[in-house]
Undergrad: 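Sharing a structure with you now.
Counting starts at 1 for both ligands and their atoms, in listed order.
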Amino acid sequence: MHRNFLKTDQLTVAFGGIVALSNVTLSIAEGRTTAILGPNGAGKTTLFNAIAGAVRPTGGRVFFQGADITKASPSRRCHSGIARTFQITQPFSGLSVRENVMVPLAAGGMSMKQAREEASTYIDFVGLNAKAEDPARVLSTGQRKRLELARALSTHPKLLLLDEVTGGVDRPSIPELLNVIRRLREERNITIVVVEHNMEVLLGLADDAFFLNRGEVIVEGSIAEVADHETVRRIYLGDADAAA
Ligand SMILES: Nc1ncnc2c1ncn2[C@@H]1O[C@H](COP(=O)(O)OP(=O)(O)OP(=O)(O)O)[C@@H](O)[C@H]1O
Ligand SMILES: [Mg+2]
């Protein structure tokens, strides 16, 4: 197991006067599921953006499998095995589920026939077979999240960044979604990093956790340790006992 599968070293991202990430140093271990926690505006999405290459850091470095990728383009990072999903899902709403998964494959140079076959594998994996010919706009939030996972899978990721994984998903649909995420790791050997607010979900999904506040990592450890940490409970959960 690679302990520093993904590593950030003193990563800083500023937007004008706003410091969204400040000297963030963290390591993500291979084959594990790591949670990124923190209140609104803590810098969680910015961290994903900096890892995926969507924003350029003001300072610090990002390493993936030992290689410095700080200056690599988003597409090069994607080729090297980093994929992500978005806090707000953005499928092509008029295209079918199948076409949504086929588009990136065909754009990558695959024949339509091949893209269709390969798309089927991913649609099957995320359990959207029954919806494959429906337009993406009719999907529920949980189904849209699974469509995003299918699209991410099509890039053959080694590391998958999932932003607000159960955000907006109705409660009864959550277990099915979590099951898909667990299988990504177990059956596809994908290292997962999740941003998620629901602590109950995290305790059943994540191994390790980092708690961000105002752009800084302030607590790290196992998910159980972080969830139980006094500072985390005070800032994040508004825990009356911890605040007392
Ligand atoms: N493109 C941008 N331009 C200017 N400021 C930004 C930009 N992206 C993020 N920020 C600011 O950086 C800070 C961190 O934002 P970020 O979206 O990373 O937080 P977050 O932890 O993902 O929050 P949430 O839980 O609400 O999704 C916030 O103050 C935000 O307003
Ligand atoms: Mg966010």
Undergrad: Nearest to atom 17 (O) of ligand 1, what protein heavy atom do you find, and at what distance?
TA: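 Protein heavy atom with the smallest distance to atom 17 (O) of ligand 1: Thr45 CB, 3.8 Å.
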Undergrad: By number and element, which atoms of ligand 1 are closer than 4.0 Å to a non-hydrogen atom of His197?
TA: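 Atoms satisfying the 4.0 Å criterion: 25 (O).
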Undergrad: Using side chain to side chain contact (heavy atoms under 4.5 Å, CB included) as the criterion, point out the one residue from Leu37, Leu178, Val201 that pairs with Glu196.
TA: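 Answer after filtering Leu37, Leu178, Val201: Val201.
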Undergrad: What is the closest protein heavy atom to atom 27 (O) of ligand 1, and at what distance does it sit?
TA: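 The closest one turns out to be Gln87 NE2, 2.9 Å.
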Undergrad: Just checking, any donor-acceptor pair under 3.5 angstrom between side chains of Asn198 and Thr166?
TA: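 Their side chains do not contain a donor-acceptor pair, so the 3.5 Å distance test is not met.
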Undergrad: Any non-hydrogen protein atom below 4.0 Å of atom 30 (C) of ligand 1?
TA: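 Given the 4.0 Å limit, the answer for atom 30 (C) of ligand 1 is no, no protein heavy atom qualifies.
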Undergrad: What protein heavy atom lies closest to atom 9 (C) of ligand 1? Include the residue and the distance to one decimal.
TA: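 Its nearest protein heavy-atom neighbour is Phe15 CE1, 3.5 Å.
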Undergrad: Can you list the ligand 1 atoms lying under 4.0 Å from a non-hydrogen atom of Glu164?
TA: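 Under 4.0 Å from Glu164, ligand 1 has these atoms: 25 (O), 27 (O).
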Undergrad: Are Arg182 and Glu186 close enough for a salt bridge, meaning some N to O gap below 4.0 Å?
TA: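 No salt bridge links Arg182 with Glu186.
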Undergrad: Are Val193 and Phe63 joined in one hydrophobic group, where the rule is that I, L, V, M, F, W and Y side chains link up if heavy atoms are under 4.5 Å apart?
TA: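 Not linked; separate clusters.
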Undergrad: With no hydrogens and no angle check, do the side chains of Arg185 and Thr33 hold a donor and an acceptor under 3.5 Å apart?
TA: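 There is such a pair between these side chains.
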Undergrad: Considering heavy atoms of the protein only, find what lies nearest to atom 25 (O) of ligand 1 and give residue, atom and distance to 0.1 Å.
TA: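 It is Lys44 NZ, 2.7 Å.
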Undergrad: What protein heavy atom lies closest to atom 26 (O) of ligand 1? Include the residue and the distance to one decimal.
TA: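 Result for atom 26 (O) of ligand 1: Asn40 ND2, 3.1 Å.
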Undergrad: Among all protein heavy atoms in this structure, tell me which lies nearest to atom 23 (O) of ligand 1, with the distance rounded to 0.1 Å.
TA: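 Of every protein heavy atom, Gly41 N, 2.8 Å lies nearest to atom 23 (O) of ligand 1.
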Undergrad: Identify, by atom number and element, the atoms of ligand 1 in contact range of Thr46, meaning under 4.0 Å from any of its heavy atoms.
TA: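 Numbered from 1, ligand 1 contributes 9 (C), 14 (C), 15 (O), 16 (P), 18 (O).
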Undergrad: Establish, from distance only, whether the side-chain atoms of Ser120 and Arg98 form a donor-acceptor pair under 3.5 Å.
TA: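 Their side chains do contain a donor-acceptor pair, which is all the 3.5 Å distance test asks for.
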Undergrad: Tell me whether Arg146 contacts the main-chain N or O of Gly127 through its side chain, where contact means a donor paired with an acceptor under 3.5 Å.
TA: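 It does hold such a pair.
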Undergrad: Can Asp68 and Lys7 be counted as an ion pair, charged N to O under 4.0 angstrom?
TA: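 Looking at Lys7 together with Asp68, the answer is no, because their closest N to O distance does not fall below 4.0 Å.
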Undergrad: Specify whether an N/O/S atom of Thr45 falls short of 2.8 Å from the Mg ion (ligand 2).
TA: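 Thr45 does place an N, O or S atom closer than 2.8 Å to the Mg ion (ligand 2).
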Undergrad: If you measure every N or O of Ala42 against every N or O of ligand 1, does any of those distances drop under 3.5 Å?
TA: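 Between Ala42 and ligand 1, an N or O pair is found under 3.5 Å apart.
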Undergrad: Are Lys44 and Asp163 within salt-bridge range, i.e. N to O under 4.0 Å?
TA: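 Looking at Lys44 and Asp163, the cut-off is not met.
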Undergrad: Give a yes or no on whether atom 20 (P) of ligand 1 lies under 4.0 Å from any heavy atom of the protein.
TA: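 Under the 4.0 Å cut-off, atom 20 (P) of ligand 1 does have protein heavy-atom neighbours.
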Undergrad: With a 4.0 Å cut-off on heavy atoms, is Gly38 touching ligand 1?
TA: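 For ligand 1, residue contact (heavy atoms, under 4.0 Å) with Gly38 is absent.
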Undergrad: In terms of residue, atom name and distance, what is the protein heavy atom nearest to atom 12 (O) of ligand 1?
TA: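 For atom 12 (O) of ligand 1, the nearest protein heavy atom comes out as Ala20 CB, 3.3 Å.
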Undergrad: Can you establish whether the number of heavy atoms outside Arg32 located under 6.0 Å from its atom CZ is more than 12?
TA: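 Count over threshold, so yes.
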